[in-house]
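What follows is a set of notes on a single structure, which appears directly below.
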Amino acid sequence: MNYEETIQYLYDTAPMFQQVGSVAYKEGLENTFAIDYRLQHPHKNYRTLHIAGTNGKGSTSHLIASILQHTGLKVGLYTSPHLLDFRERIKVNGQVVSEQFVIEFTENNKTFFEEIHTSFFELTTAMAFSYFAREEVDVAVIETGLGGRLDCTNIIRPDLCVITNISFDHMAQLGNTLEAIAREKAGIIKAGIPVVIGEVIPETRTVFLEKARIEQAKIVFAEQEQPIIGSVLLLSGKWKFESKDYGTIEGELGGFAQEKNAATVLCAVNELKKLGYLIPADSVKYGFEHVVEDTGLLGRWQIVGNHPKIVLDTGHNTGGMQYIVRQLQSESCENLHLVIGMVNDKDISTVMEMLPRNAIYYFTQASVARALEAGLLAGKARMAGLEGEHYPTVEKAFEAATRAAGKNDLVFVGGSTFVVADALKIIQKNKYGTN
């Protein structure tokens, strides 16, 4: 098989959650342990850090990886989902896994994977762990999938755990209350291993404290530590942070949510230093300033055009959308044009209620099976007092929005990771140039 055939085989044999939803979700770690035994426990060959949370874990993982790269370490990074290419999930010092490794790993193990009916995420996690071992990384930053307790990444024994926050998402798999979701995420907390909590509310704080007590794990709350003493969002879309320990830091990632993520990362860095990691202040600053260049992170309040200003953001649940809505309302533009699509297993009605009324809407659907049909989304939006046309593809919606927008307007594309992915494909084709 060539690379394209291999990727199609993986999608066909082990459907991924991002494409088909809950039918691809497999609870339990039996397969994970079986695969790990077959591969001779590759994750034991390097140090690991474990990142969980409802929102912000992707930004947090990439920021920590970027910082560690600048200390001279060889750093593996495993995240999901991907936007443009499967290989985005598995990186070493910002470079994606080679096509040849994906082909060879799949061919060498496909009979075994078929025998045990592995899930897509089980397979890709095993691939990542094996690749990091082959590449002899010093440390790997490992992001969970949906939860934590039964997540197939949870066989690692990391140096540090980080839980960014808890919000309503994937309730069918994780529970219908914030406490229940927090218990699943807290499952990554292990005996004697410190954990940093980025953001809490009373319901989740109690859960984390109890789990840390049981495991005799040190727990650090970023909101309590307050590593950032001042911040301002620059006209460039970047952040300037005044930190307690590292002076002035310019954050490359835009978006209101990055203030919380930055505090979480700085607390994590401080804990790593206590564990013996050598992380000078210059590495922290450089990691924040060059995270996109270093890691290839996309879709976090990503500005892809000006006149009109065009912004992409992958925030897709109530926790993520609250930051996006605040930022949209703070933008100084003449008109807001929102290209919005969502998947069918999200709290769509609540998100629709959150969105600004003073915007022109272009409802659409991404090119995945889970996408809610654009007409149905428009109907739900009308019930929330939002009006707009609906379009069968992101390309048509994006084209309509950019055509209608004036040079002092803002076009926002989001509501779903997959809407952003489709938009990025359009932009990469250079079909829509802006100046």
Side-chain angles (χ1 to χ4, degrees), residues 26-37 39-54 56-58 60-61 64-65 68 73 75-80 121-122 125-126 128-129 132-133 137-166 173-175 179-200 204-222 224-225 264-265 267-277:
K26 186 176 289 186
E27 190 173 275
L29 295 174
E30 292 82 5
N31 273 2
T32 300
F33 286 124
I35 296 166
D36 189 52
Y37 179 79
L39 298 176
Q40 300 181 320
H41 320 292
H43 62 90
K44 294 184 178 181
N45 291 297
Y46 42 84
R47 291 173 287 173
T48 56
L49 311 177
H50 209 183
I51 318 295
T54 305
K57 62 181 183 287
T60 299
S61 297
I64 291 173
L68 292 177
L73 294 175
V75 183
L77 177 62
Y78 177 53
T79 60
S80 62
F121 195 68
E122 289 168 342
T125 300
F129 288 178
F132 296 153
V137 302
D138 298 304
V139 59
V141 181
I142 307 295
E143 180 191 300
T144 63
L146 291 188
R149 182 176 65 93
L150 296 176
D151 192 85
C152 62
T153 63
N154 205 27
I155 61 171
I156 64 176
R157 183 167 177 81
D159 289 343
L160 178 71
C161 298
V162 177
I163 302 175
T164 55
N165 59 31
I166 302 297
Q173 292 79 36
L174 305 180
E179 294 95 325
I181 296 170
R183 278 192 290 273
E184 291 300 314
K185 305 286 186 184
I188 71 166
I189 300 175
K190 296 180 177 65
I193 295 173
V195 57
V196 171
I197 309 295
E199 186 177 1
V200 292
T204 60
R205 183 184 181 91
T206 302
V207 173
F208 294 140
L209 284 170
E210 177 61 15
K211 178 63 172 175
R213 183 191 65 78
I214 292 170
E215 300 292 348
Q216 295 185 314
K218 177 185 178 182
I219 187 166
V220 175
F221 293 99
Q224 189 172 309
E225 295 295 310
T264 304
V265 169
C267 282
V269 167
N270 286 344
E271 290 307 307
L272 290 174
K273 290 169 68 175
K274 293 173 186 175
L275 293 170
Y277 283 70

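Here the structure is a predicted model, which is why all the values come from computation and not from measurement.
Here the side chains of L49 and I142 are not in contact, with every heavy-atom distance at 4.5 Å or above. Counting heavy atoms from C-beta outward, I189 and R149 have side chains that stay 4.5 Å or more apart. Looking at I188 and T144, their side chains come closer than 4.5 Å, going by heavy atoms from C-beta outward. V141 has its side chain out of reach of T48: every pair of non-hydrogen atoms, C-beta onward, lies at least 4.5 Å apart. Looking at heavy atoms from C-beta onward, D138 lies out of side-chain contact with V75 at the 4.5 angstrom threshold. In this structure the side chain of I64 never reaches within 4.5 angstrom of the side chain of V269, judged on heavy atoms. Within the 4.5 Å cutoff, no side-chain heavy atoms of E199 are placed close to those of T164.
Atom CD in E30 sits 11.5 Å away from atom CD1 in I35 (nearest 0.5 Å). Interatomic distance, I181 CD1 to I166 CD1, rounded to the nearest 0.5 Å: 7.0 Å. For the atom pair OG1 (T125) and CD1 (I156), the distance works out to 10.0 Å, reported to the nearest 0.5 Å. Between atom CZ of residue F33 and atom SG of residue C152 there is a gap of 10.5 Å, rounded to the nearest 0.5 Å. Atom CG of residue L209 and atom CD1 of residue I214 lie 11.0 Å apart, to the nearest 0.5 angstrom. Between the CD1 atom in I197 and the NZ atom in K185 there is a gap of 12.0 Å [rounded to 0.5 Å].
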Start with the C-alpha distance between E210 and R205, add both sets of side-chain angles, then the distance that settles side-chain contact (heavy atoms from CB on, under 4.5 Å), and finish with yes or no. CA-CA 9 Å; E210 177 61 15; R205 183 184 181 91; over 6 Å; no
Report the C-alpha separation of Y46 and Y78 in whole Å, then their side-chain angles, then the decisive distance to 0.1 Å, and conclude whether the ring pair (Phe, Tyr, Trp, His ring centres under 6.0 Å) test is met. CA-CA 14 Å; Y46 42 84; Y78 177 53; over 10 Å; no
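Minimum heavy-atom separation, A222 to G198: CB-O, 3.7 Å. When all heavy atoms of G76 and F132 are compared, the pair lying nearest together is CA-CE2, 3.6 Å. Nearest heavy-atom pair, G53 versus I163, reported as atom, atom and distance to 0.1 Å: CA-CG2, 4.4 Å. Scanning all heavy atoms of the two residues, the minimum distance from F208 to A182 falls at CE2-O, 3.8 Å. Here the closest heavy-atom approach between residue A217 and residue I193 is recorded as CB-O, 3.2 Å. The heavy-atom pair separating V195 from L160 by the smallest distance is N-CD1, 4.4 Å.
Looking at E179 and R183, no side-chain N of the basic residue comes within less than 4.0 Å of a carboxylate O on the acidic one, giving no salt bridge.
Residue pairs satisfying the side-chain hydrogen bond (donor to acceptor under 3.5 Å, both in side chains) criterion with at least one member in residues 150-159, sequence neighbours excluded, are listed as follows: H50-T153, D151-T153, N154-K190, D159-Y277.
Although no hydrogens or angles enter the test, the distance criterion places no donor-acceptor pair under 3.5 Å between the side chain of E143 and the main chain of T79. Formation of a donor-acceptor pair under 3.5 Å by the S61 side chain with backbone atoms of K57 is found in this model.
The salt bridge (Lys or Arg N to Asp or Glu O under 4.0 Å) search around K274 returns E271, not counting sequence neighbours.
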